[in-house]
Amino acid sequence: MLDPKLLRSDPAAVAANLARRGFKLDVERLSALEESRKKWQMRVDELRNERNLHAKTVGKAKAQGQDIAPLLQQVESLGADLSKVESELAGVQSALDELLLGLPNMLHESVPEGHDESANAEIRRWGEPRKFDFKPRDHVELGEKLGQMDFAAAGKISGARFSVLSGPLARLQRALIQFMLDLHTGEHGYRELYVPYLVNAQSLTGTGQLPKFEADLFAVKGESELYLIPTAEVPVTNLVRDTIVEADKLPLRYVAHTPCFRSEAGSYGKDTRGMIRQHQFEKVELVHLARPQDSYAEHELLTRNAEEVLKRLNLPYRAVALCGGDIGFGSAKTYDLEVWLPGQQAYREISSCSNFEAFQARRMQARWRNPDTGKPEPLHTLNGSGIAAGRALVAVLENYQQADGSISVPEALRGYMGGLESITAA
RNA sequence: GGAAGAGUGGCCGAGUGGUUUAAGGCACCAGUCUUGAAAACUGGCGAGGGGGCAACCCCUCCGUGAGUUCGAAUCUCACCUCUUCCGCCA
């Protein structure tokens, strides 16, 4: 949610910023609703005040043993009047809330201008794409040839966009996850978390998936209204929902491995082959909760920590700053990490690191106590994949493939693979 | 799944229809005292919305939502969460 004070005081500036992402803010509708809200609010306050004053008078009269019947007569119609204006206010308020919850975050000034991913700005590039003396295969061909990646079986069990891994390949994914968790907890100072995979609607509203993106989520059938998490960002960030964090506790840096579930509605025809875009995938997520003045330094740090995973795995990648037209709904600034995939001859997203500033914090009432003002103020939330394990598996397969279709195990993972150096058909 | 109990400010906790303007304590902040600190004492100390040039004033918030009432932290209903006991269970 945007700062309501800014929205009221300078809607034109907000509209200009949101226009950079191609979002048209209806300033007239907004200010009309706001004016109407104010009008009804004042009317409601007035009537309530009247009611309260009257109730006190009645209380006093009764205490003194006076007859209160004439007093009660005086306010006969007040209750009806009040509930009428209260429902007017509630109507305006819910329309306003709906509008506010649908507004994307404002962009940081450093976000590149542009309409789509072609305008994203490359920030840096690391590693040299390997030269193959044979035609590199893609991960599907490699995995199926090894007999350890089965999309047909997954299709039978669940449907499209799922996969079954077996043997060393299944272990390789687990090794990647373990390696990442150990790196972030052991060397980068993160606290590891285990969190629920099913969350309520309030949590998803807090991080911004609801109400606008319900179609991207899986909901479970049953009495309680629960959703499968699309990312660990949801349960982890919501840890600070409705809390006030003491200043000396910040920054908080959390890492969690979870499966992620996405309906991928609207992505029909995109990445239908292989493990790139699945309904279920594994991810190690980094979440930072920071003081506002530190959040951009934290953003750089978080991104570097994610990059370190790729460096240790010796996977060539580049970092890009997403432009206004490509950036996510709640983010003020996002770096994507794109790993080189020889099978596609392209850099593909493997991590997305975003600073949400106070956008999520306002939605979820996550605050810190600012020692300068002594007041609770919204803190800043950040998150990034550190990194997506499913796609990391794809990257390892394609980058570490040998001419005979075997996969050499990256040095960093061998300890997690029982010393295995090469994955061969089994 | 069954039974009983509970949910109050940053934290603990009193409050069972009307001077509640939510007692008291802890923590925190400022001051007095002190070489300094601690202790003691004095004062301050929740969040959000609105009005006013201002001093200041008004509204809302006691798990959530509905209801009863002139008036609800307090009564009623539903739901959520927690605790204890029983049952079942990885």
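Reminder, nothing fancy here: chain letters follow the sequence lines and each chain counts from 1. Since the structure is predicted, the reported quantities are computational estimates derived from the model, not experimental observations. Values below: all heavy atoms of this structure, side chains included; hydrogens, waters and symmetry mates excluded.
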If we take the [atom1] atom in both [N] and [M], what is their distance in whole Å?
{"N": "B:rC70", "M": "B:rU83", "atom1": "C1'", "value": "39 Å"}
{"N": "B:rC57", "M": "B:rG5", "atom1": "C1'", "value": "43 Å"}
{"N": "B:rG1", "M": "B:rG87", "atom1": "C1'", "value": "7 Å"}
{"N": "B:rG71", "M": "B:rG17", "atom1": "C1'", "value": "8 Å"}
{"N": "B:rG18", "M": "B:rC85", "atom1": "C1'", "value": "40 Å"}
{"N": "B:rG24", "M": "B:rG44", "atom1": "P", "value": "11 Å"}
{"N": "B:rC59", "M": "B:rG7", "atom1": "C1'", "value": "26 Å"}
{"N": "B:rU34", "M": "B:rC45", "atom1": "C1'", "value": "25 Å"}

Check this for me, if you would: do [X] and [Y] make a salt bridge, where the nitrogen-to-carboxylate-oxygen distance has to be below 4.0 angstrom?
{"X": "A:Glu298", "Y": "A:Arg253", "result": "yes"}
{"X": "A:Glu34", "Y": "A:Arg37", "result": "yes"}
{"X": "A:Arg43", "Y": "A:Glu46", "result": "yes"}
{"X": "A:Lys84", "Y": "A:Asp81", "result": "no"}

Separation of [N] [atom2] from [X] [atom1] (nearest whole Å):
{"X": "A:Leu226", "N": "B:rC80", "atom1": "CG", "atom2": "C1'", "result": "12 Å"}
{"X": "A:Glu377", "N": "B:rG46", "atom1": "CD", "atom2": "C1'", "result": "15 Å"}
{"X": "A:Met42", "N": "B:rC57", "atom1": "CE", "atom2": "P", "result": "18 Å"}
{"X": "A:Arg241", "N": "B:rG63", "atom1": "CZ", "atom2": "C1'", "result": "13 Å"}
{"X": "A:Gln93", "N": "B:rC59", "atom1": "CD", "atom2": "P", "result": "19 Å"}
{"X": "A:Gln365", "N": "B:rA47", "atom1": "CD", "atom2": "P", "result": "12 Å"}
{"X": "A:Glu86", "N": "B:rG65", "atom1": "CD", "atom2": "P", "result": "14 Å"}
{"X": "A:Asn370", "N": "B:rC45", "atom1": "CG", "atom2": "C1'", "result": "17 Å"}

For residues 387-395 of chain A, please give each side-chain donor-acceptor pair under 3.5 Å, one per line with the distance, not counting sequence neighbours.
from	atom 1	to	atom 2	distance (Å)
A:Arg391	NE	A:Ile276	O	2.9
A:Arg391	NH1	A:Glu349	O	2.8
A:Arg391	NH2	A:Ile276	O	2.9

To the side chain of [X], which of [options] is closest?
{"X": "A:Arg367", "options": "B:rC70, B:rG50, B:rA47", "answer": "B:rA47"}
{"X": "A:Lys5", "options": "B:rG50, B:rG49, B:rG18", "answer": "B:rG49"}
{"X": "A:His54", "options": "B:rG50, B:rC70, B:rA47", "answer": "B:rC70"}
{"X": "A:Arg369", "options": "B:rG49, B:rG10, B:rG51", "answer": "B:rG10"}

Excluding sequence neighbours, so at least two apart, what forms side-chain hydrogen bond (donor to acceptor under 3.5 Å, both in side chains) with A:Arg277? A:Glu264, A:Asp271
Can you give the dot-bracket line for RNA chain B, where a pair is Watson-Crick or G-U wobble with both atom distances under 3.5 Å, crossing pairs use [ ], and | marks a partner on another strand? ((((((((.[[[..)..(.....]]].(((((.......))))).((((((....)))))).[[[[[..)....]]]]])))))))....
Check each residue of residues 43-53 of chain A for a non-hydrogen atom within less than 4.0 Å of any atom in RNA chain B, then write out the ones that pass by number, or none. A:Asp45, A:Arg48, A:Asn49, A:Arg51, A:Asn52
Which is more 5' along RNA chain B, the nucleotide nearest A:Lys56 or the one nearest A:Pro376? Just name the residue. A:Lys56
Donor-acceptor pair (no angle test) under 3.5 Å: A:Lys62 side chain, B:rG18 base: yes
Quick one, A:His279 with A:Phe218, criterion ring pair (Phe, Tyr, Trp, His ring centres under 6.0 Å). Give me CA distance, side-chain angles, the key distance, then yes/no. CA-CA 9 Å; A:His279 286 314; A:Phe218 285 110; 5.4 Å; yes
Say you draw a straight line from CG of A:Leu103 to CG of A:Leu7; how long is it, rounded to the nearest 0.5 Å? 6.5 Å
Distance (rounded to the nearest 0.5 Å) between A:His288 NE2 and A:Thr237 OG1: 11.0 Å
For residues 180-187 of chain A, dump all side-chain donor-acceptor pairs below 3.5 Å to protein atoms at least two apart in sequence or in another chain.
from	atom 1	to	atom 2	distance (Å)
A:Asp182	OD2	A:Tyr416	OH	2.6
A:His184	ND1	A:His188	ND1	3.1
A:His184	NE2	A:Gly386	O	2.7
A:Thr185	OG1	A:Leu181	O	2.7
A:Thr185	OG1	A:Asp182	O	3.4
A:Glu187	OE1	A:Arg312	NH2	2.6
A:Glu187	OE2	A:Arg312	NH1	3.1

Atom pairs and distances, donor-acceptor, side-chain atoms in residues 18-26 of chain A, under 3.5 Å, two or more places apart:
from	atom 1	to	atom 2	distance (Å)
A:Arg20	NE	A:Glu113	OE2	2.8
A:Arg20	NH2	A:Val111	O	2.7
A:Arg21	NE	A:Asn105	O	3.0
A:Arg21	NH1	A:Gly328	O	2.8
A:Arg21	NH2	A:Asn105	O	2.9
A:Arg21	NH2	A:Gly328	O	3.4
A:Arg21	NH2	A:Ser331	O	2.8
A:Asp26	OD1	A:Arg29	N	3.1

